[in-house]
Amino acid sequence: MNVLDIKELREDLGKRIIDGVEKLGREVNVATVRVGENAGDISYEKAVKNNCAKLNITCDQIVLEEGENEKLIQTIKELNETHDGILMFRPLKDKKLEKEIQYIIAPEKDIDAMGMVNLGKVLAAEEDAYYPATARAVVEIVKYYNFDVKNVVIVNRSLVLGKPLFNMLIKENKTVTMCHSRTEDIKSFTKNADLVVTAVGKAKMFDDSYFTEDSYVVDVGVSLDENGKLSGDVNPEVNVKVLANSVGKITTRVLLLQMVEGALNRQ
Ligand SMILES: Nc1nc(=O)c2c([nH]1)NC[C@@H]1CN(c3ccc(C(=O)N[C@@H](CCC(=O)O)C(=O)O)cc3)C=[N+]21
């Protein structure tokens with residue numbers, strides 16, 4: 001069991017955020033937008049608020065009820081003008097509405113890269129893109145802790161994680177394989193990878209049979225286990241070289257860092 005302590009990276013990101021805010025020399029404000037009462041959204045909302053309080057960022061939190069579609073669209077349009085960054089929690093239950101927002105959110109305020117412009121920039125490996133924060137968190141962990149890896153397997157194909165991460169790791173000269181829920185014999189891929197990134201949302205699904213002693217593993221999954229407790233995809237007892245979990249701690253700070261960097265670049 002070799003669970004990575006990611007405190008140092010978290011603190012490093014915190015310093016970079018505080019420095020950036022100071023350089024900007026003005027109030028920096030983020031807005032979160034939540035629709036409905038999803039538990040994952042609520043925990044992320046709290047995490048953003050707590051981090052902002054520590055990092056000298058003003059945070060406004062907007063909560064709407066499901067069905068308030070016009071109000072949501074109006075809200076995003078207003079926040080485009082008033083805030084440095086907008087984080088709308090995803091997925092929305094209303095897929096059509098979420099699609100609509102992807103075209104309405106201003107690219108320079110879209111700090112979690114949900115909109116079409118930033119997603120296109122990620123695919124094109126543009127320098128000034130915002131990246132989906134979780135995907136960038138994985139890359140930051142791999143780089144900061146010098147994971148000595150060439151072949152990566154990602155078990156996820158979403159727009160929030162798998163697809164952007166695939167492109168970001170290609171840019172880092174990794175050889176990347178994407179597995180997903182319809183992949184046959186996932187173990188045959190993960191066993192042969194240097195690094196496995198998991199995000200399937202099945203508590204403790206990945207045990208030793210998926211890895212070797214030399215595997216690096218980044219566990220992005222969050223779900224409830226049989227006792228109703230929050231759990232990752234990977235059993236924390238696995239015998240691997242390095243297991244990074246608690247990626248959420250890095251995600252929150254990467255999100256805020258991207259916002260500050262974006263504001264500095266535009267200044
Ligand atoms: N557009 C969008 N992007 C997301 O990335 C996204 C989302 N919607 N909807 C909800 C899920 C859930 N999620 C969390 C991230 C951090 C914590 C969290 O609690 N972070 C703590 C640490 C938690 C820990 O101890 O591991 C912190 O930053 O201090 C929780 C949940 C992001 N998601």
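In what follows, residues are counted from 1 in the order of the sequence shown.
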Item to check | Nearest-0.5 Å distance that lies between atom CD1 in Ile141 and atom CG in Leu4 | outcome: 7.0 Å
Item to check | Results of side chain to side chain contact (heavy atoms under 4.5 Å, CB included) for Glu126 - residues two or more places apart only | outcome: Lys121, Ala124, Asp128
Sequence neighbours left out, cut at 3.5 Å: what donor-acceptor pairs do the side chains of residues 20-34 make with other protein atoms?
| unit_1 | atom_1 | unit_2 | atom_2 | d |
| --- | --- | --- | --- | --- |
| Arg26 | NH1 | Asp84 | OD1 | 3.2 |
| Arg26 | NH1 | Asp84 | OD2 | 3.2 |
| Arg26 | NH2 | Asp84 | OD1 | 2.9 |
| Glu27 | OE2 | Thr58 | OG1 | 3.1 |
| Asn29 | OD1 | Asp84 | N | 3.1 |
| Asn29 | ND2 | Thr82 | O | 3.2 |
| Thr32 | OG1 | Gln61 | NE2 | 3.3 |
| Arg34 | NE | Glu45 | OE1 | 3.1 |
| Arg34 | NE | Glu45 | OE2 | 3.0 |
| Arg34 | NH1 | Gly36 | O | 2.7 |
| Arg34 | NH1 | Glu37 | OE1 | 3.4 |
| Arg34 | NH1 | Glu37 | OE2 | 3.4 |
| Arg34 | NH2 | Glu45 | OE1 | 3.1 |

Next on the checklist: So, using side-chain hydrogen bond (donor to acceptor under 3.5 Å, both in side chains) as the criterion, who are the partners of Asp60 when residues are at least two apart?
Outcome noted: His83
Under 3.5 Å, which donor-acceptor pairs link side chains of residues 63-73 to any protein atom two or more places apart or in another chain?
| unit_1 | atom_1 | unit_2 | atom_2 | d |
| --- | --- | --- | --- | --- |
| Glu68 | OE1 | Glu65 | N | 2.8 |
| Asn69 | ND2 | Asp94 | OD2 | 3.4 |

Checklist entry - Are the side chain of Lys191 and the backbone N or O of Tyr210 linked by a donor-acceptor pair below 3.5 Å? => result no
Checklist entry - Apart from Leu224 itself, what residues make up its hydrophobic cluster when side-chain heavy atoms of I, L, V, M, F, W and Y under 4.5 Å apart count as a link, directly or indirectly? => result Val222, Leu230
Item to check | Side-chain touch Leu9/Leu13, heavy atoms, less than 4.5 angstrom | outcome: yes
Item to check | Check: Asp110 side chain, Ile105 main-chain N or O, donor-acceptor pair, under 3.5 Å | outcome: no
Checklist entry - Can you check whether Asn151 reaches Lys174 side chain to side chain, under 4.5 Å on heavy atoms? => result no
Please set out all donor-acceptor pairs under 3.5 angstrom arising from side-chain atoms of residues 161-172, sequence neighbours excluded.
| unit_1 | atom_1 | unit_2 | atom_2 | d |
| --- | --- | --- | --- | --- |
| Asn167 | ND2 | Lys163 | O | 2.8 |
| Glu172 | OE2 | Lys143 | NZ | 3.2 |

Checklist entry - From Ile17 CD1 over to Asn56 CG, what is the distance, rounded to the nearest 0.5 angstrom? => result 10.5 Å
Next on the checklist: If you compare all heavy atoms of Pro236 against all heavy atoms of Val3, which two are closest, and at what distance to 0.1 Å?
Outcome noted: O-CG2, 4.1 Å
Item to check | Which atom of Ile111 lies closest to which atom of Ile86, heavy atoms considered | outcome: CG1-O, 3.5 Å
Next on the checklist: Restricting to non-hydrogen atoms, name the atom on Tyr44 and the atom on Ala133 that form the minimum distance, rounded to 0.1 Å.
Outcome noted: OH-CB, 4.3 Å
Checklist entry - Tell me, which pairs form a side chain to side chain donor-acceptor pair (under 3.5 Å) where one or both residues lie in residues 241-257, sequence neighbours left out? => result Asn51-Arg253
Checklist entry - If you measure from NZ on Lys99 to CD on Gln102, what distance do you get to the nearest 0.5 Å? => result 6.0 Å
Checklist entry - For Gln258 and Tyr131, which heavy atoms make the closest approach, and how far apart are they? => result NE2-O, 2.8 Å
Next on the checklist: Do Val122 and Val160 land in one hydrophobic cluster if side-chain heavy atoms of ILVMFWY residues count as linked below 4.5 Å?
Outcome noted: no
Checklist entry - Are the side chain of Asn156 and the backbone of Ser158 linked by a donor-acceptor contact shorter than 3.5 Å? => result yes
Checklist entry - Is Met116 reachable from Ile76 through a run of hydrophobic residues whose side-chain heavy atoms are each under 4.5 Å from the next? => result no
Checklist entry - Can you get from Val220 to Met205 by hopping between Ile, Leu, Val, Met, Phe, Trp and Tyr side chains that sit under 4.5 Å apart? => result no
Checklist entry - Can you tell me if Asn239 uses its side chain to pair, donor with acceptor, with the backbone of Glu213 under 3.5 Å? => result no
Item to check | Residues that Glu140 engages under side-chain hydrogen bond (donor to acceptor under 3.5 Å, both in side chains), provided they are two or more places apart | outcome: Arg136
Checklist entry - Mind checking whether Leu255 and Val260 sit in one hydrophobic cluster, side chains of I, L, V, M, F, W, Y counted as touching below 4.5 Å? => result yes
Checklist entry - What is the distance from atom CZ of Arg16 to atom CG of Leu256, rounded to the nearest 0.5 Å? => result 12.5 Å
Checklist entry - For atom CG of Asp208, is the number of surrounding heavy atoms from other residues, nucleotides or ligands below 6.0 Å larger than 12? => result yes
Item to check | Over all atoms of both residues, closest heavy-atom pair of Ser231 and Ala203 | outcome: OG-CB, 3.5 Å
Checklist entry - Does Lys46 NZ have over 12 foreign heavy atoms under 6.0 Å away? => result no
Item to check | Distance (rounded to the nearest 0.5 Å) between Arg90 CZ and Leu159 CG | outcome: 7.0 Å
Checklist entry - Quick one: side-chain hydrogen bond (donor to acceptor under 3.5 Å, both in side chains) partners of Ser215, sequence neighbours excluded? => result Thr212
Item to check | side chain to side chain contact (heavy atoms under 4.5 Å, CB included) partner of Phe206, chosen from Val238, Asp233, Val240 | outcome: Asp233
Checklist entry - How would you list, by chain and number, every residue that makes a salt bridge (Lys or Arg N to Asp or Glu O under 4.0 Å) with Lys204, sequence neighbours excluded? => result Asp225
Next on the checklist: Could you report the tightest heavy-atom contact between Ile57 and Met259, atom names first, then the distance?
Outcome noted: CG2-CE, 3.9 Å
Next on the checklist: In this structure, would Val196 and Ile154 fall into the same cluster of hydrophobic residues linked by side-chain contacts under 4.5 Å?
Outcome noted: no
Checklist outcome for this item: ring pair (Phe, Tyr, Trp, His ring centres under 6.0 Å) filter on Phe147, not counting sequence neighbours, yields Tyr216
Item to check | Flag, side chain of Asn227 to backbone of Lys229, donor-acceptor distance under 3.5 Å | outcome: no
Checklist entry - Looking at residues at least two apart in the chain, or sitting in another chain, which of them share a salt bridge (Lys or Arg N to Asp or Glu O under 4.0 Å) with Asp19? => result none
Next on the checklist: For a side chain to side chain donor-acceptor pair (under 3.5 Å) check, start with the C-alpha distance between Glu8 and Tyr144, then their side-chain angles and the critical distance, and finish with the verdict.
Outcome noted: CA-CA 9 Å; Glu8 202 182 299; Tyr144 191 87; 2.9 Å; yes
Checklist outcome for this item: Value for CG (Asn118) from CD (Glu108), rounded to nearest 0.5 Å, stands at 9.0 Å
Checklist entry - Quick one: does Phe89's side chain get under 4.5 Å of Asn38's, heavy atoms only? => result no
